[in-house]
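Residues take their numbers from the sequence shown, with the count starting at 1. Because the structure is a prediction, the values reported are computed rather than measured. Side-chain atoms are counted along with the backbone in the values below, which use heavy atoms only and exclude waters and symmetry mates. Atoms within each ligand, like the ligands themselves, are counted from 1 in listed order.
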Amino acid sequence: MKKKALIFGITGQDGSYLAEFLLKKNYIVHGVKRRSSSINTGRLDHIYQEPHVKKRTLILHYGDITDSLSVTRLIKEIKPNEIYNLAAQSHVQVSFESPEYTANADALGALRILEAIRFNKLEKKTKFYQAGTSELFGLNEKTPQNEKTLFHPASPYGVAKLYAHWITINYRQAYNIFACNGILFNHESPRRGETFVTQKIIQALCKIKLKKQKTLYLGNLYSKRDWGHAKDFVRAMWLMLQQKKPQDFVISTENQTSVKNFVNIVAKKLKLKIKWRGKGINEKAIDETGKTIIACHTSYYRPLEVNNLLGDSRKARKQLKWKPKFNLDELISDMISSELSGYY
Ligand code: NAP
Ligand code: F7E
């Protein structure tokens, strides 16, 4: 019998890579997509199977993580062996503008799934993965951060994910559900959403190189992140659910870079010669002709910033035998070549 997986958030960056990964492992993959006014399954086009296809291995259902009835009904009907909760309002800055919705989706979403597992008496059958985040560490700038580091979330997004983290542990302890938190540091790819800083920088600098855009506007250039490749990170999610005991794991590359250095690497790869001038909000990068191609704008600064994230993933490396295949240079090259070729 093939194993069945159910992915909430299948249309997102990680959901699409995880679906590909599980299909290769011979799973039947069910995914939940939201109704939207324009098509939101672009990241799945290459693996999508029409409903008339016999013996489908990828099946999409309408649903929403804020809608308990659809969550409970889908879990009752599918009775999956594994559930991956990747569904979230995942943008930190947006969470300051839509805090209540972010709490509903990102905090209570996890609760709805866990409660549906219990309600449908699937505690012994269904394993659960919760997409946790390095944003839980927030203002705790003591690096590197691992499973024992104190959480201090610094956004409505981080606070909502803190609830999801603890409710996952609570259901594991109270009801013996095989439930794991992955505490994942930033991971990117050619499928990364366009408003996250890595993709925003790559898309804009490629356009600037091709003379299709004049200026890229950014916020804080000095925050540091531990950026990995999403393909590596979805493998870790699956590994967590294959262990004997449910546990929580930090997943990271263990290398850190600032936003400004990320810009420098991309510019160098595109052979754009830039020089930095000025300070603070007036800092900018000029090209060889003296034109400003990168500037800062207040609208991209957050009410509260997480400045310093660097993961210590020794536990995952030892117990899951996980390590990333991509380094930062390879990640950036992958994103640039995909952007320049115009395909996912
Ligand atoms: P993403 O690209 O923004 O994908 C989020 C997914 O959630 C999309 O499929 C989205 O659907 C879906 N979604 C949003 N609200 C929903 C709702 N109310 N009901 C059902 N589905 C909903 O995010 P990602 O980068 O793949 O990240 C996956 C998960 O990992 C998220 O939970 C994120 O918070 C977490 N995480 C990400 C990172 C990272 O660096 N990427 C690091 C740590 C943790 P639409 O396509 O319709 O919008
Ligand atoms: O910002 C700075 C910004 O939005 C990275 C999500 O996947 O990873 C992601 O959250 C840094 C921040 O990602 C711009 O202030 C400067 O310091 O790409 P980001 P994030 O906030 O780290 C975590 C682990 C998640 O869990 C989240 O779901 O870059 N920055 N200028 C900017 N950021 C953006 N977006 N846009 C700018 O113009």
Side-chain angles (χ1 to χ4, degrees), residues 7-19 31-44 61-67 70-71 84-95 98 101-102 104-106 108-110 112-113 129-138 153-155 157-158 160-161 164 181-189 191-201 204 216-230 233-234 237 250-252 257-260 262-263 294 296-297 299-309 311:
I7 305 175
F8 288 89
I10 195 167
T11 56
Q13 171 188 254
D14 291 6
S16 64
Y17 283 118
L18 180 64
V32 181
K33 62 173 177 174
R34 303 191 279 180
R35 151 76 192 149
S36 61
S37 65
S38 43
I39 288 172
N40 59 358
T41 48
R43 293 181 176 107
L44 299 169
H61 309 263
Y62 281 109
D64 197 298
I65 199 72
T66 62
D67 170 10
S70 71
V71 170
Y84 295 87
N85 180 27
L86 312 182
Q89 189 303 94
S90 71
H91 204 284
V92 174
Q93 188 164 13
V94 172
S95 80
S98 290
Y101 174 72
T102 303
N104 192 1
D106 299 13
L108 296 182
R112 290 186 184 100
I113 297 174
Y129 172 84
Q130 168 57 26
T133 166
S134 50
E135 285 295 304
L136 293 171
F137 301 118
S155 62
Y157 170 79
K161 287 281 187 178
N181 288 295
I183 305 169
L184 272 50
F185 281 65
N186 298 52
H187 47 280
E188 322 291 309
S189 73
R191 297 184 197 164
R192 185 57 147 154
E194 294 170 357
T195 58
F196 296 98
V197 80
T198 56
Q199 187 72 296
K200 180 174 166 182
I201 291 167
L216 161 65
Y217 290 94
L218 291 170
N220 180 10
L221 297 170
Y222 292 94
S223 57
K224 293 185 213 143
R225 292 290 183 271
D226 178 337
W227 277 296
H229 198 299
F233 282 49
V234 300
M237 298 174 186
V250 160
I251 302 296
S252 68
T257 311
S258 67
V259 172
K260 185 172 172 179
F262 192 96
V263 170
I294 303 166
C296 293
H297 194 275
S299 60
Y300 301 113
Y301 286 83
R302 296 168 184 189
L304 201 55
E305 178 62 284
V306 172
N307 288 305
N308 196 14
L309 292 176

Original post:
Where does Thr195 meet ligand 2, judged by heavy-atom distances below 4.0 Å: at the side chain, the backbone, both, or neither?
Top reply: backbone
Subject >> Residue among Gln13, Gln199, Arg43 satisfying side-chain contact (heavy atoms from CB on, under 4.5 Å) with Ser189 >> reply: Gln13
**OP:** From the options Val306, Thr133, Val92, select the one whose nearest heavy atom is closest to atom 23 (C) of ligand 2.
**Re:** Thr133
Original post:
Taking both backbone and side-chain atoms of Ser134, is any N or O found less than 3.5 Å from an N or O belonging to ligand 1?
Top reply: no
**OP:** Check whether any N or O atom of Thr133, backbone or side chain, sits under 3.5 Å from an N or O atom of ligand 1, and answer yes or no.
**Re:** no
Original post:
With sequence neighbours excluded, what pairs up with His91 under the ring-ring contact (aromatic ring centres under 6.0 Å, His included) test?
Top reply: Phe196
Original post:
Which residue supplies the protein heavy atom nearest to atom 41 (N) of ligand 1, what is that atom called, and how far is it?
Top reply: Arg192 NH1, 3.2 Å
Subject >> ring-ring contact (aromatic ring centres under 6.0 Å, His included) involving Phe233 - partner list, sequence neighbours excluded >> reply: His187, Trp322
Original post:
Does a salt bridge link Glu188 with Lys200, judged by any charged N lying under 4.0 Å from a carboxylate O?
Top reply: no
**OP:** Enumerate the atoms of ligand 1 whose separation from the nearest heavy atom of Asn186 is less than 4.0 angstrom.
**Re:** 40 (O)
Subject >> Closest protein heavy atom to atom 26 (O) of ligand 1, given as residue, atom name and distance to 0.1 Å >> reply: Asp14 N, 2.8 Å
Subject >> Closest candidate by heavy atom, reference atom 33 (N) of ligand 2, pool Gln93, Arg302, Lys200, Gln89 >> reply: Arg302
